[in-house]
K.L.:
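This is the structure I have questions about; it appears just below.
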Amino acid sequence: MNYTPAIDRLERPLRDLRVSVTDRCNFRCVYCMPKDVFNKDYRFLPRAQLLSFEEIERVVHAAAELGVTKVRLTGGEPLVRRDLEVLISQIRAIPGISDISMTTNASLLTRDRARSLRDAGLQRLNVSLDAMDDETFMRVNDVDVSVRTVLDGIENAAMVNFDSIKINMVVKKDLNDHSILPMARFFHGTGHILRFIEFMDVGNSNAWDLSQVITSGQIAAMINAELPLRPVEANYRGEVAKRWEYLDGGGEIGIISSVSEPFCGDCSRARLSATGSLYTCLFATVGHDLRPALREGDADAVRGKLQALWNARADRYSETRTQTAVVHIRPKVEMSFIGG
Ligand code: SAM
Ligand code: SF4
Ligand code: SF4
């Protein structure tokens, strides 16, 4: 049956759903899950509070009926959730879902795991890597995982022919900005698209400050000076990364400027937390619990709730962050909880 696509108050359709399958992670990236907050006293969600795969499937099903075509699995670290392949094959069978991807730190991506994820129906992979040298990378992940471990994960993924493998680098001034060029050099010509992400004020734990942001303009200028670039048209409306290609044919890069050039006008993403709350913006202060609707057990209840939430949506945080000056006082949800 066809349902009316969900459209929000700013005329934006609902197209993407990011599903956080766990709030846990084997890394402690200093900008995301700093050890002074996420330590042994931190209370991660008890297993019983996580949505089951069957519940996630029902939310995705309802979302697909309202227009969602793309699903991204994220976390925390999605690969720490057991049997993820089962969930992927369940999502793959949902009519209307044409794209399933995952964002991962790739440290647990063995050859067998890459193969089983691919076989289950995972199409695209985004791997996070923030530096090319161990000293910097270990300072970022704070758990002594080497660059080689992640590169092995990327190679394992490449062996099983995902439709695309993108590499995401969050750039934070004085933490890893000296790695911009080494990263560009390394991935130039590999066929993997490297994407630079401006450091964002997600959550409340990362002590964000505008002065720590290296802007997309600065990143492009730095790379262009050594490896000349030209801008490329977006692939589709709402693409978050601005595309650039190397003049020498070495492929393309993307730059995600959520801080310096926000793109809320085209934002068609909703996020589902591991506990079943829907967030209509990455910077939301509150989520909307879908579990009561899930418990009612019928598809109409979940779809009706999603439709109502999306219809009421007017979020455009990134376009207003500097005007509102509430960056530090507004309580926001942590990125490791709702996913990137
Ligand atoms: N653990 C997985 C990973 O790191 O790829 C998936 C979850 S992680 C929260 C998703 C993405 O968000 C990662 O690429 C990470 O670098 C990015 N991220 C986390 N905190 C961020 C911040 N404050 N600003 C920009 N990106 C951030
Ligand atoms: Fe874990 Fe990803 Fe956050 Fe790093 S960015 S702490 S890998 S969830
Ligand atoms: Fe979308 Fe919110 Fe990010 Fe704007 S700030 S692009 S509305 S998630």
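As the structure lists them, so they are numbered: ligands from 1, and atoms in each ligand from 1. Just so it is clear, the values below take in all heavy atoms, side chains as well, and ignore hydrogens, waters and symmetry mates.
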K.L.:
Just heavy atoms, cut-off under 4.0 Å: does Thr74 contact ligand 1 by side chain, backbone, both, or neither?
P.N.:
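Contact part for Thr74 vs ligand 1: side chain (C-beta onward).
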K.L.:
Less than 3.5 Å apart, any donor N or O on the side chain of Arg72 or Thr103 sitting next to an acceptor on the other?
P.N.:
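The answer is yes; a qualifying pair exists.
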K.L.:
Determine whether the side chain, the backbone, both or neither of Asp130 has a heavy atom under 4.0 Å from any heavy atom of ligand 1.
P.N.:
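The answer is neither; Asp130 stays 4.0 Å or more away.
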K.L.:
Going by the atom numbers of ligand 1, which of them fall below 4.0 Å from some non-hydrogen atom of Phe199?
P.N.:
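Heavy-atom distances to Phe199 below 4.0 Å select 23 (N), 24 (N).
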K.L.:
As an exercise, identify every atom of ligand 1 less than 4.0 angstrom from a heavy atom of Tyr31.
P.N.:
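What qualifies from ligand 1 is 16 (O), 18 (N), 19 (C), 20 (N), 21 (C), 23 (N).
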K.L.:
Within ligand 1, which atoms have a heavy atom of Glu77 less than 4.0 Å away?
P.N.:
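Atoms satisfying the 4.0 Å criterion: 1 (N), 2 (C).
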K.L.:
So which of Phe283, Tyr279, Tyr317 gets nearest to atom 3 (Fe) of ligand 3, if we judge by its closest heavy atom?
P.N.:
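Going through Phe283, Tyr279, Tyr317 one by one, Phe283 has the nearest heavy atom to atom 3 (Fe) of ligand 3.
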K.L.:
Which of the numbered atoms in ligand 1 are below 4.0 angstrom from a heavy atom of Gly76?
P.N.:
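Listed by number with element, the hits are 1 (N), 2 (C), 6 (C), 7 (C).
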K.L.:
Under 3.5 Å, N or O to N or O, is Met200 touching ligand 1 that way?
P.N.:
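Met200 vs ligand 1: N/O contact under 3.5 Å present.
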K.L.:
Which residue owns the protein heavy atom closest to atom 7 (S) of ligand 3, what's the atom, and how far is it?
P.N.:
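Looking only at protein heavy atoms, the one closest to atom 7 (S) of ligand 3 is Asp315 O, 3.5 Å.
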K.L.:
On a heavy-atom basis, I'd like to know which of Cys267, Ala270, Cys281, Cys264 is closest to atom 2 (Fe) of ligand 3.
P.N.:
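Looking at heavy atoms only, Cys281 sits closest to atom 2 (Fe) of ligand 3.
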K.L.:
Report yes or no: do Ser257 and Ser260 form a side-chain donor-acceptor pair below 3.5 Å?
P.N.:
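No, no side-chain donor-acceptor contact under 3.5 Å.
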K.L.:
Salt bridge check, Asp23 against Arg81: does any charged N sit closer than 4.0 Å to a carboxylate O?
P.N.:
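Here Arg81 does not pair with Asp23 in a salt bridge, since their nearest N and O are not under 4.0 Å apart.
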